[in-house]
2 protein chains.
Amino acid sequence: MGRRPLSKIRRKEFARAAHLCLAQHGLAGTTLARVAEQAGVSKASVLHYYRTKEDLLEAALRHGNSTLRDEVSALMRVARDPWQRVYAVIEANLSPRAFRPPIAQGWLALSAAVPHNRQYQRIQTVIYARTRSNLVGPLRSLSDAETAELMTDALISVIDGVWTRCGLSLGGMTAAEARRQFELLLDARFADSPERHAARRLMSEACRAQMLARGIPCED
Amino acid sequence: MGRRPLSKIRRKEFARAAHLCLAQHGLAGTTLARVAEQAGVSKASVLHYYRTKEDLLEAALRHGNSTLRDEVSALMRVARDPWQRVYAVIEANLSPRAFRPPIAQGWLALSAAVPHNRQYQRIQTVIYARTRSNLVGPLRSLSDAETAELMTDALISVIDGVWTRCGLSLGGMTAAEARRQFELLLDARFADSPERHAARRLMSEACRAQMLARGIPCED
DNA sequence: GCATACATTGACCCATGGGTCAGTTTATAA
DNA sequence: TTATAAACTGACCCATGGGTCAATGTATGC
(Lines give C-alpha, C1' and ligand atoms only; values in the text may rest on other atoms or scores of the structure.)
Protein backbone atom coordinates (compact mmCIF):
# COMPACT_ATOMS: atom_id res chain seq x y z
CA MET A 1 0.00 0.00 0.00
CA GLY A 2 2.90 2.32 -0.77
CA ARG A 3 2.92 4.42 2.33
CA ARG A 4 -0.12 4.30 4.44
CA PRO A 5 -0.49 7.99 5.22
CA LEU A 6 -0.62 7.12 8.90
CA SER A 7 -4.35 7.10 9.30
CA LYS A 8 -5.49 10.31 7.69
CA ILE A 9 -8.41 10.56 10.06
CA ARG A 10 -6.18 10.55 13.11
CA ARG A 11 -3.96 13.21 11.65
CA LYS A 12 -6.97 15.38 10.99
CA GLU A 13 -8.13 14.97 14.56
CA PHE A 14 -4.81 16.23 15.84
CA ALA A 15 -4.78 19.12 13.40
CA ARG A 16 -8.18 20.05 14.67
CA ALA A 17 -7.06 19.82 18.28
CA ALA A 18 -4.08 22.02 17.52
CA HIS A 19 -6.30 24.56 15.84
CA LEU A 20 -8.62 24.59 18.82
CA CYS A 21 -5.69 25.00 21.16
CA LEU A 22 -4.36 27.85 19.08
CA ALA A 23 -7.71 29.58 19.24
CA GLN A 24 -7.94 29.21 22.99
CA HIS A 25 -4.38 29.74 24.14
CA GLY A 26 -2.58 31.54 21.34
CA LEU A 27 0.66 30.51 19.74
CA ALA A 28 2.71 30.77 22.93
CA GLY A 29 0.17 28.71 24.86
CA THR A 30 0.00 25.97 22.28
CA THR A 31 2.36 23.29 23.54
CA LEU A 32 2.52 19.70 22.38
CA ALA A 33 1.36 18.61 25.82
CA ARG A 34 -1.68 20.83 25.61
CA VAL A 35 -2.62 19.68 22.13
CA ALA A 36 -2.22 16.08 23.27
CA GLU A 37 -4.43 16.69 26.27
CA GLN A 38 -7.00 18.36 24.01
CA ALA A 39 -7.01 15.25 21.86
CA GLY A 40 -7.10 12.95 24.88
CA VAL A 41 -3.80 11.31 24.04
CA SER A 42 -0.15 11.42 25.06
CA LYS A 43 2.36 13.92 23.81
CA ALA A 44 4.44 11.20 22.20
CA SER A 45 1.44 10.08 20.23
CA VAL A 46 1.06 13.46 18.63
CA LEU A 47 4.71 13.38 17.65
CA HIS A 48 4.07 9.98 16.12
CA TYR A 49 1.72 11.56 13.58
CA TYR A 50 3.55 14.85 13.12
CA ARG A 51 7.29 14.66 13.19
CA THR A 52 7.61 18.17 14.51
CA LYS A 53 5.56 20.91 16.09
CA GLU A 54 6.06 23.00 12.99
CA ASP A 55 4.39 20.29 10.92
CA LEU A 56 1.51 20.16 13.34
CA LEU A 57 0.95 23.90 13.22
CA GLU A 58 1.10 23.79 9.47
CA ALA A 59 -1.66 21.20 9.54
CA ALA A 60 -3.61 23.43 11.92
CA LEU A 61 -3.26 26.30 9.49
CA ARG A 62 -4.50 24.12 6.64
CA HIS A 63 -7.34 22.85 8.78
CA GLY A 64 -8.55 26.30 9.76
CA ASN A 65 -8.42 27.31 6.17
CA SER A 66 -10.18 24.27 4.85
CA THR A 67 -13.10 25.02 7.16
CA LEU A 68 -13.45 28.42 5.62
CA ARG A 69 -12.92 27.03 2.14
CA ASP A 70 -15.71 24.52 2.61
CA GLU A 71 -17.95 27.34 3.69
CA VAL A 72 -17.14 29.30 0.54
CA SER A 73 -17.54 26.24 -1.70
CA ALA A 74 -20.92 25.39 -0.26
CA LEU A 75 -22.23 28.88 -0.85
CA MET A 76 -20.57 29.10 -4.26
CA ARG A 77 -22.43 25.98 -5.31
CA VAL A 78 -25.70 27.75 -4.56
CA ALA A 79 -24.69 31.00 -6.27
CA ARG A 80 -26.15 31.51 -9.73
CA ASP A 81 -25.01 34.96 -10.79
CA PRO A 82 -22.06 37.32 -10.19
CA TRP A 83 -23.63 39.18 -7.30
CA GLN A 84 -24.46 35.93 -5.58
CA ARG A 85 -20.85 34.85 -5.95
CA VAL A 86 -19.61 38.07 -4.40
CA TYR A 87 -21.92 37.67 -1.45
CA ALA A 88 -21.03 34.01 -1.16
CA VAL A 89 -17.45 35.02 -0.32
CA ILE A 90 -18.56 37.75 2.07
CA GLU A 91 -21.11 35.61 3.90
CA ALA A 92 -18.75 32.67 4.16
CA ASN A 93 -16.23 34.91 5.89
CA LEU A 94 -18.91 36.03 8.32
CA SER A 95 -20.42 32.62 8.94
CA PRO A 96 -21.16 32.09 12.64
CA ARG A 97 -19.06 28.98 12.49
CA ALA A 98 -15.90 30.90 11.69
CA PHE A 99 -16.44 34.52 12.59
CA ARG A 100 -15.94 34.22 16.33
CA PRO A 101 -13.31 35.73 18.62
CA PRO A 102 -11.54 32.44 19.45
CA ILE A 103 -11.27 31.43 15.80
CA ALA A 104 -10.16 34.91 14.82
CA GLN A 105 -7.55 34.82 17.58
CA GLY A 106 -6.20 31.57 16.19
CA TRP A 107 -6.06 33.09 12.75
CA LEU A 108 -4.24 36.10 14.19
CA ALA A 109 -1.71 33.91 15.97
CA LEU A 110 -0.94 31.97 12.82
CA SER A 111 -0.76 35.11 10.72
CA ALA A 112 1.85 36.47 13.09
CA ALA A 113 3.91 33.33 12.53
CA VAL A 114 3.67 33.51 8.75
CA PRO A 115 6.49 35.97 8.12
CA HIS A 116 8.97 33.66 9.80
CA ASN A 117 8.14 30.38 8.08
CA ARG A 118 8.44 29.65 4.40
CA GLN A 119 5.85 26.90 4.37
CA TYR A 120 3.26 29.04 6.13
CA GLN A 121 3.97 31.76 3.61
CA ARG A 122 3.22 29.43 0.74
CA ILE A 123 -0.09 28.36 2.27
CA GLN A 124 -1.07 31.93 3.03
CA THR A 125 -0.30 32.93 -0.53
CA VAL A 126 -2.54 30.20 -1.87
CA ILE A 127 -5.39 31.23 0.43
CA TYR A 128 -5.01 34.83 -0.64
CA ALA A 129 -4.93 33.97 -4.34
CA ARG A 130 -8.05 31.86 -4.08
CA THR A 131 -10.07 34.47 -2.24
CA ARG A 132 -8.89 37.03 -4.73
CA SER A 133 -9.94 35.05 -7.76
CA ASN A 134 -13.28 34.19 -6.16
CA LEU A 135 -14.01 37.90 -5.96
CA VAL A 136 -12.38 39.34 -9.01
CA GLY A 137 -14.18 36.95 -11.34
CA PRO A 138 -17.74 38.00 -10.58
CA LEU A 139 -16.77 41.64 -10.09
CA ARG A 140 -15.28 41.72 -13.57
CA SER A 141 -18.64 40.92 -15.04
CA LEU A 142 -20.21 43.70 -12.97
CA SER A 143 -17.73 46.43 -13.88
CA ASP A 144 -14.55 47.16 -15.77
CA ALA A 145 -11.40 45.23 -14.97
CA GLU A 146 -9.67 48.01 -13.08
CA THR A 147 -12.62 48.61 -10.80
CA ALA A 148 -12.95 44.88 -10.22
CA GLU A 149 -9.32 44.60 -9.11
CA LEU A 150 -9.49 47.59 -6.82
CA MET A 151 -12.79 46.56 -5.27
CA THR A 152 -11.46 43.06 -4.72
CA ASP A 153 -8.40 44.31 -2.89
CA ALA A 154 -10.49 46.65 -0.79
CA LEU A 155 -12.93 43.84 0.07
CA ILE A 156 -10.04 41.65 1.14
CA SER A 157 -8.70 44.45 3.30
CA VAL A 158 -12.04 44.83 5.00
CA ILE A 159 -12.22 41.07 5.53
CA ASP A 160 -8.79 41.08 7.18
CA GLY A 161 -9.72 44.20 9.12
CA VAL A 162 -12.92 42.89 10.61
CA TRP A 163 -11.24 39.58 11.41
CA THR A 164 -8.43 41.37 13.16
CA ARG A 165 -10.86 43.39 15.21
CA CYS A 166 -12.92 40.31 15.92
CA GLY A 167 -9.78 38.62 17.23
CA LEU A 168 -8.89 41.62 19.36
CA SER A 169 -12.51 41.90 20.53
CA LEU A 170 -12.36 45.62 19.88
CA GLY A 171 -15.47 47.71 19.55
CA GLY A 172 -17.65 44.62 19.76
CA MET A 173 -17.26 43.57 16.17
CA THR A 174 -20.24 41.50 15.03
CA ALA A 175 -21.20 39.97 11.70
CA ALA A 176 -23.98 42.54 11.38
CA GLU A 177 -21.55 45.39 11.87
CA ALA A 178 -19.15 43.82 9.37
CA ARG A 179 -21.94 43.42 6.83
CA ARG A 180 -22.69 47.12 7.04
CA GLN A 181 -19.07 47.87 6.22
CA PHE A 182 -19.11 45.60 3.17
CA GLU A 183 -22.30 47.26 1.97
CA LEU A 184 -20.74 50.67 2.42
CA LEU A 185 -17.70 49.67 0.43
CA LEU A 186 -19.70 48.13 -2.40
CA ASP A 187 -21.81 51.29 -2.56
CA ALA A 188 -18.70 53.11 -3.72
CA ARG A 189 -19.03 51.67 -7.23
CA PHE A 190 -22.32 49.80 -7.40
CA ALA A 191 -25.89 50.99 -7.11
CA ASP A 192 -28.18 48.90 -4.96
CA SER A 193 -29.69 47.09 -7.94
CA PRO A 194 -32.46 44.52 -7.50
CA GLU A 195 -29.99 41.77 -8.42
CA ARG A 196 -27.54 42.87 -5.73
CA HIS A 197 -30.29 43.21 -3.18
CA ALA A 198 -31.66 39.77 -4.00
CA ALA A 199 -28.21 38.21 -3.93
CA ARG A 200 -27.47 39.67 -0.53
CA ARG A 201 -30.65 38.23 0.91
CA LEU A 202 -30.25 34.89 -0.80
CA MET A 203 -26.67 34.27 0.30
CA SER A 204 -27.31 35.46 3.82
CA GLU A 205 -30.23 33.07 3.95
CA ALA A 206 -28.24 30.23 2.39
CA CYS A 207 -25.50 30.63 4.95
CA ARG A 208 -28.03 30.66 7.75
CA ALA A 209 -29.75 27.58 6.39
CA GLN A 210 -26.47 25.69 6.29
CA MET A 211 -25.78 26.59 9.88
CA LEU A 212 -29.18 25.37 10.97
CA ALA A 213 -28.77 22.17 8.98
CA ARG A 214 -25.55 21.53 10.88
CA GLY A 215 -27.03 22.57 14.18
CA ILE A 216 -24.77 25.56 14.69
CA PRO A 217 -26.28 28.41 16.69
CA CYS A 218 -26.88 31.51 14.64
CA GLU A 219 -28.00 34.63 16.45
CA ASP A 220 -28.32 37.19 13.68
CA MET B 1 14.51 62.56 44.52
CA GLY B 2 11.43 60.47 45.18
CA ARG B 3 12.02 57.61 42.82
CA ARG B 4 14.23 58.26 39.92
CA PRO B 5 12.32 56.44 37.20
CA LEU B 6 15.43 54.50 36.34
CA SER B 7 16.67 56.74 33.60
CA LYS B 8 13.74 57.16 31.29
CA ILE B 9 15.99 57.54 28.29
CA ARG B 10 17.60 54.16 28.86
CA ARG B 11 14.22 52.48 29.26
CA LYS B 12 13.10 54.00 26.01
CA GLU B 13 16.20 52.68 24.26
CA PHE B 14 15.42 49.18 25.41
CA ALA B 15 11.78 49.48 24.43
CA ARG B 16 12.94 50.56 21.02
CA ALA B 17 15.36 47.64 20.78
CA ALA B 18 12.59 45.25 21.75
CA HIS B 19 10.31 46.71 19.14
CA LEU B 20 12.99 46.37 16.50
CA CYS B 21 13.61 42.79 17.55
CA LEU B 22 9.92 42.04 17.39
CA ALA B 23 9.76 43.44 13.88
CA GLN B 24 12.70 41.37 12.71
CA HIS B 25 12.24 38.10 14.51
CA GLY B 26 8.63 37.93 15.58
CA LEU B 27 7.32 37.21 19.05
CA ALA B 28 8.88 33.77 19.28
CA GLY B 29 12.25 35.05 18.14
CA THR B 30 12.29 37.94 20.59
CA THR B 31 14.33 36.70 23.52
CA LEU B 32 15.84 38.81 26.27
CA ALA B 33 19.30 37.86 25.03
CA ARG B 34 18.47 39.07 21.54
CA VAL B 35 17.01 42.35 22.74
CA ALA B 36 20.08 42.86 24.91
CA GLU B 37 22.37 42.19 21.98
CA GLN B 38 20.34 44.60 19.85
CA ALA B 39 20.87 47.25 22.50
CA GLY B 40 24.53 46.35 22.89
CA VAL B 41 24.19 45.39 26.52
CA SER B 42 23.89 42.30 28.70
CA LYS B 43 20.70 40.39 29.31
CA ALA B 44 20.81 41.14 33.01
CA SER B 45 20.95 44.84 32.24
CA VAL B 46 17.67 44.70 30.36
CA LEU B 47 16.10 42.95 33.34
CA HIS B 48 17.48 45.75 35.49
CA TYR B 49 15.22 48.22 33.70
CA TYR B 50 12.26 45.96 33.09
CA ARG B 51 11.47 43.51 35.82
CA THR B 52 9.99 41.00 33.40
CA LYS B 53 9.83 40.25 29.72
CA GLU B 54 6.14 41.01 29.78
CA ASP B 55 6.88 44.53 30.98
CA LEU B 56 9.42 44.95 28.24
CA LEU B 57 7.02 43.87 25.54
CA GLU B 58 4.40 46.17 26.94
CA ALA B 59 6.87 49.00 26.60
CA ALA B 60 7.59 47.88 23.04
CA LEU B 61 3.89 47.99 22.29
CA ARG B 62 3.65 51.49 23.71
CA HIS B 63 6.73 52.54 21.81
CA GLY B 64 5.47 51.30 18.46
CA ASN B 65 2.22 53.06 19.11
CA SER B 66 3.78 56.31 20.21
CA THR B 67 5.67 56.48 16.93
CA LEU B 68 2.43 56.29 15.04
CA ARG B 69 0.75 58.70 17.42
CA ASP B 70 3.48 61.28 16.89
CA GLU B 71 2.96 60.91 13.18
CA VAL B 72 -0.75 61.56 13.55
CA SER B 73 -0.22 64.48 15.94
CA ALA B 74 2.25 66.15 13.62
CA LEU B 75 -0.13 65.97 10.69
CA MET B 76 -3.10 66.93 12.84
CA ARG B 77 -1.30 70.10 13.84
CA VAL B 78 -1.10 71.05 10.19
CA ALA B 79 -4.71 70.13 9.41
CA ARG B 80 -7.09 73.07 9.20
CA ASP B 81 -10.42 71.56 8.19
CA PRO B 82 -12.32 68.27 8.57
CA TRP B 83 -11.09 66.71 5.36
CA GLN B 84 -7.53 67.53 6.25
CA ARG B 85 -8.01 65.81 9.59
CA VAL B 86 -9.38 62.70 7.93
CA TYR B 87 -6.43 62.54 5.58
CA ALA B 88 -4.06 63.26 8.43
CA VAL B 89 -5.06 59.96 10.03
CA ILE B 90 -4.88 58.07 6.75
CA GLU B 91 -1.52 59.48 5.69
CA ALA B 92 -0.02 58.96 9.13
CA ASN B 93 -0.93 55.30 8.93
CA LEU B 94 0.74 55.08 5.53
CA SER B 95 3.82 57.08 6.40
CA PRO B 96 6.96 55.45 5.00
CA ARG B 97 8.37 55.44 8.49
CA ALA B 98 5.71 53.06 9.77
CA PHE B 99 4.09 51.36 6.81
CA ARG B 100 6.81 48.82 6.12
CA PRO B 101 6.74 45.01 6.30
CA PRO B 102 9.04 44.68 9.32
CA ILE B 103 7.06 47.20 11.36
CA ALA B 104 3.78 45.65 10.27
CA GLN B 105 5.11 42.24 11.25
CA GLY B 106 5.93 43.56 14.70
CA TRP B 107 2.45 44.98 14.99
CA LEU B 108 1.01 41.67 13.89
CA ALA B 109 3.04 39.75 16.46
CA LEU B 110 1.91 42.02 19.26
CA SER B 111 -1.69 41.94 18.10
CA ALA B 112 -1.60 38.17 18.32
CA ALA B 113 -0.46 38.45 21.92
CA VAL B 114 -3.18 40.91 22.88
CA PRO B 115 -6.00 38.44 23.53
CA HIS B 116 -3.93 36.69 26.18
CA ASN B 117 -2.76 39.65 28.22
CA ARG B 118 -4.95 42.11 30.09
CA GLN B 119 -2.48 44.95 30.02
CA TYR B 120 -1.96 44.68 26.27
CA GLN B 121 -5.72 44.68 25.89
CA ARG B 122 -6.01 47.94 27.76
CA ILE B 123 -3.36 49.58 25.61
CA GLN B 124 -4.93 48.30 22.41
CA THR B 125 -8.31 49.61 23.51
CA VAL B 126 -6.86 53.07 24.09
CA ILE B 127 -5.18 53.07 20.69
CA TYR B 128 -8.40 52.03 19.03
CA ALA B 129 -10.46 54.66 20.85
CA ARG B 130 -8.07 57.42 19.89
CA THR B 131 -7.98 56.51 16.22
CA ARG B 132 -11.71 56.26 16.25
CA SER B 133 -12.27 59.69 17.76
CA ASN B 134 -9.70 61.21 15.42
CA LEU B 135 -11.81 60.05 12.50
CA VAL B 136 -15.35 60.30 13.75
CA GLY B 137 -14.95 63.94 14.74
CA PRO B 138 -14.18 65.39 11.33
CA LEU B 139 -16.49 62.94 9.56
CA ARG B 140 -19.38 64.11 11.70
CA SER B 141 -19.01 67.59 10.32
CA LEU B 142 -18.97 66.18 6.79
CA SER B 143 -22.06 63.98 7.12
CA ASP B 144 -24.71 62.78 9.53
CA ALA B 145 -23.68 60.98 12.69
CA GLU B 146 -24.63 57.51 11.53
CA THR B 147 -22.66 57.78 8.33
CA ALA B 148 -19.70 59.16 10.26
CA GLU B 149 -19.69 56.19 12.62
CA LEU B 150 -20.01 53.63 9.87
CA MET B 151 -17.37 55.25 7.69
CA THR B 152 -15.03 55.47 10.65
CA ASP B 153 -15.36 51.78 11.42
CA ALA B 154 -14.87 50.89 7.77
CA LEU B 155 -11.79 53.10 7.53
CA ILE B 156 -10.34 51.44 10.60
CA SER B 157 -11.01 48.04 9.08
CA VAL B 158 -9.18 49.02 5.92
CA ILE B 159 -6.29 50.34 7.98
CA ASP B 160 -6.04 47.04 9.86
CA GLY B 161 -6.48 45.13 6.61
CA VAL B 162 -3.74 46.85 4.68
CA TRP B 163 -1.43 46.61 7.68
CA THR B 164 -2.10 42.92 7.95
CA ARG B 165 -1.35 42.40 4.30
CA CYS B 166 1.71 44.57 4.55
CA GLY B 167 2.92 42.37 7.40
CA LEU B 168 2.22 39.21 5.45
CA SER B 169 3.80 40.75 2.33
CA LEU B 170 0.84 39.54 0.32
CA GLY B 171 0.04 40.96 -3.08
CA GLY B 172 2.79 43.51 -2.75
CA MET B 173 0.87 45.95 -0.63
CA THR B 174 2.21 49.49 -1.06
CA ALA B 175 1.13 52.84 0.32
CA ALA B 176 -0.09 53.82 -3.13
CA GLU B 177 -2.26 50.72 -3.37
CA ALA B 178 -3.61 51.37 0.12
CA ARG B 179 -4.38 54.98 -0.76
CA ARG B 180 -6.49 53.82 -3.70
CA GLN B 181 -8.51 51.63 -1.34
CA PHE B 182 -9.15 54.50 1.06
CA GLU B 183 -10.26 56.68 -1.83
CA LEU B 184 -12.59 53.98 -3.02
CA LEU B 185 -14.14 53.63 0.40
CA LEU B 186 -14.59 57.37 0.90
CA ASP B 187 -16.23 57.56 -2.54
CA ALA B 188 -19.07 55.51 -1.10
CA ARG B 189 -20.49 58.52 0.72
CA PHE B 190 -18.53 61.57 -0.37
CA ALA B 191 -18.17 63.25 -3.73
CA ASP B 192 -14.67 64.26 -4.70
CA SER B 193 -15.21 67.87 -3.66
CA PRO B 194 -12.48 70.48 -4.14
CA GLU B 195 -11.93 70.54 -0.37
CA ARG B 196 -11.41 66.81 -0.23
CA HIS B 197 -9.12 66.88 -3.22
CA ALA B 198 -7.09 69.71 -1.75
CA ALA B 199 -6.90 68.03 1.64
CA ARG B 200 -5.66 64.80 0.12
CA ARG B 201 -2.86 66.59 -1.70
CA LEU B 202 -1.99 68.77 1.25
CA MET B 203 -1.72 65.96 3.80
CA SER B 204 0.15 63.68 1.43
CA GLU B 205 2.57 66.52 0.84
CA ALA B 206 2.83 67.36 4.54
CA CYS B 207 3.65 63.76 5.37
CA ARG B 208 6.26 63.66 2.64
CA ALA B 209 7.78 66.92 3.82
CA GLN B 210 8.11 65.60 7.34
CA MET B 211 9.85 62.50 6.10
CA LEU B 212 12.31 64.56 4.08
CA ALA B 213 12.91 66.85 7.03
CA ARG B 214 13.83 63.81 9.08
CA GLY B 215 15.87 62.27 6.31
CA ILE B 216 13.67 59.23 5.86
CA PRO B 217 13.57 57.80 2.36
CA CYS B 218 10.24 58.20 0.66
CA GLU B 219 9.76 56.52 -2.67
CA ASP B 220 6.21 57.40 -3.62
C1' DG C 1 -1.08 -19.69 17.27
C1' DC C 2 2.25 -16.69 15.40
C1' DA C 3 4.55 -12.97 13.00
C1' DT C 4 4.38 -8.50 11.52
C1' DA C 5 3.20 -3.87 11.51
C1' DC C 6 1.27 -0.14 13.53
C1' DA C 7 -0.55 2.58 17.80
C1' DT C 8 0.47 4.34 22.01
C1' DT C 9 2.91 5.48 25.95
C1' DG C 10 6.06 6.77 30.07
C1' DA C 11 10.46 7.89 30.90
C1' DC C 12 14.10 10.35 29.66
C1' DC C 13 17.25 13.93 27.37
C1' DC C 14 18.66 18.44 26.60
C1' DA C 15 18.59 23.11 24.64
C1' DT C 16 16.41 27.28 25.44
C1' DG C 17 15.25 31.13 27.80
C1' DG C 18 13.30 33.79 31.77
C1' DG C 19 14.75 35.32 36.01
C1' DT C 20 18.09 35.83 40.33
C1' DC C 21 22.16 37.27 42.66
C1' DA C 22 26.39 38.69 44.29
C1' DG C 23 29.82 41.31 42.93
C1' DT C 24 32.31 45.03 40.08
C1' DT C 25 32.54 49.35 37.74
C1' DT C 26 31.25 54.08 37.25
C1' DA C 27 29.42 58.51 38.34
C1' DT C 28 28.17 61.90 41.68
C1' DA C 29 28.10 64.63 45.69
C1' DA C 30 30.01 66.03 50.13
C1' DT D 1 39.18 61.40 48.68
C1' DT D 2 35.70 58.92 49.94
C1' DA D 3 30.95 57.36 50.55
C1' DT D 4 26.88 56.22 48.30
C1' DA D 5 23.88 54.95 44.80
C1' DA D 6 23.04 53.57 40.53
C1' DA D 7 24.54 50.99 36.22
C1' DC D 8 26.00 46.94 34.68
C1' DT D 9 27.66 42.18 34.33
C1' DG D 10 28.89 36.94 34.37
C1' DA D 11 27.58 33.06 36.42
C1' DC D 12 24.16 30.42 37.89
C1' DC D 13 19.37 28.30 38.62
C1' DC D 14 15.47 25.99 37.06
C1' DA D 15 11.03 25.36 34.72
C1' DT D 16 9.40 24.57 30.28
C1' DG D 17 8.81 22.29 26.30
C1' DG D 18 10.33 19.97 21.92
C1' DG D 19 11.96 15.73 20.60
C1' DT D 20 13.84 10.58 21.20
C1' DC D 21 13.48 5.84 22.48
C1' DA D 22 12.59 1.42 24.03
C1' DA D 23 8.85 -1.13 25.58
C1' DT D 24 4.15 -2.53 25.62
C1' DG D 25 -0.28 -3.19 23.73
C1' DT D 26 -3.35 -4.50 19.82
C1' DA D 27 -5.05 -5.75 15.44
C1' DT D 28 -4.43 -8.15 11.08
C1' DG D 29 -3.09 -11.67 7.85
C1' DC D 30 -1.14 -16.31 7.25
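In the text below, chain A, chain B and the rest are named by the order of the sequence lines, each starting its count at 1.
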Practice task
Please identify each residue that fulfils salt bridge (Lys or Arg N to Asp or Glu O under 4.0 Å) with B/Glu205, with sequence neighbours left out.
Solution key: none
Exercise for the section: Starting at atom CD of A/Glu54, determine the distance to atom C1' of D/dG19, rounded to an integer number of angstrom. Expected result: 13 Å
Practice task
For A/Gln119 and A/Arg122, test the side chains for any donor-to-acceptor distance below 3.5 angstrom and give the result as yes or no.
Solution key: yes
Handout entry: Separation of atom NE2 in B/His48 from atom C1' in C/dT24, rounded to whole Å
Key = 14 Å
Practice task
Check whether any side-chain N or O of A/Arg51 sits under 4.0 Å from OP1 or OP2 of D/dT20, and answer yes or no.
Solution key: no
Handout entry: Integer-rounded Å distance: D/dG17 P and A/Leu27 CG
Key = 12 Å
Exercise for the section: Whole angstrom is fine here: how far is it from CG in A/Leu47 over to P in C/dT8? Expected result: 14 Å
Problem - Test item: side-chain donor near acceptor, B/Glu54 and B/Asn117, under 3.5 Å - result: yes
Handout entry: Euclidean distance, atom CD1 of residue B/Ile9 to atom C1' of D/dA6 [Å, nearest integer]
Key = 14 Å
Handout entry: A/Tyr49 OH to C/dT9 C1', straight-line distance once rounded to whole Å
Key = 12 Å
Practice task
For DNA chain C, determine which residues of residues 30-45 of chain A have any heavy atom closer than 4.0 angstrom to one of its atoms, and list them numerically.
Solution key: A/Val41, A/Ser42, A/Ala44, A/Ser45
Handout entry: A/Gln210-A/Arg214 side chain donor-acceptor pair, cut-off 3.5 Å
Key = yes
Completion exercise
Rounded to whole Å, NE2 of B/His25 lies from C1' of C/dT16 at a distance of 16 Å
Handout entry: Under-4.0 Å side-chain N/O to phosphate OP1/OP2 contact, A/Tyr50 with D/dG19
Key = no
Problem - A/Thr52 side-chain proximity, nearest of D/dC8, D/dG19, C/dG19 - result: D/dG19
Exercise for the section: Hey, could you give me each pair passing side-chain hydrogen bond (donor to acceptor under 3.5 Å, both in side chains) that has a residue in residues 88-98 of chain A? Not counting sequence neighbours. Expected result: A/Glu91-A/Arg179
Exercise for the section: Answer yes or no: does atom CZ of B/Arg51 have more than 12 heavy-atom neighbours from other residues, nucleotides or ligands under 6.0 Å? Expected result: no
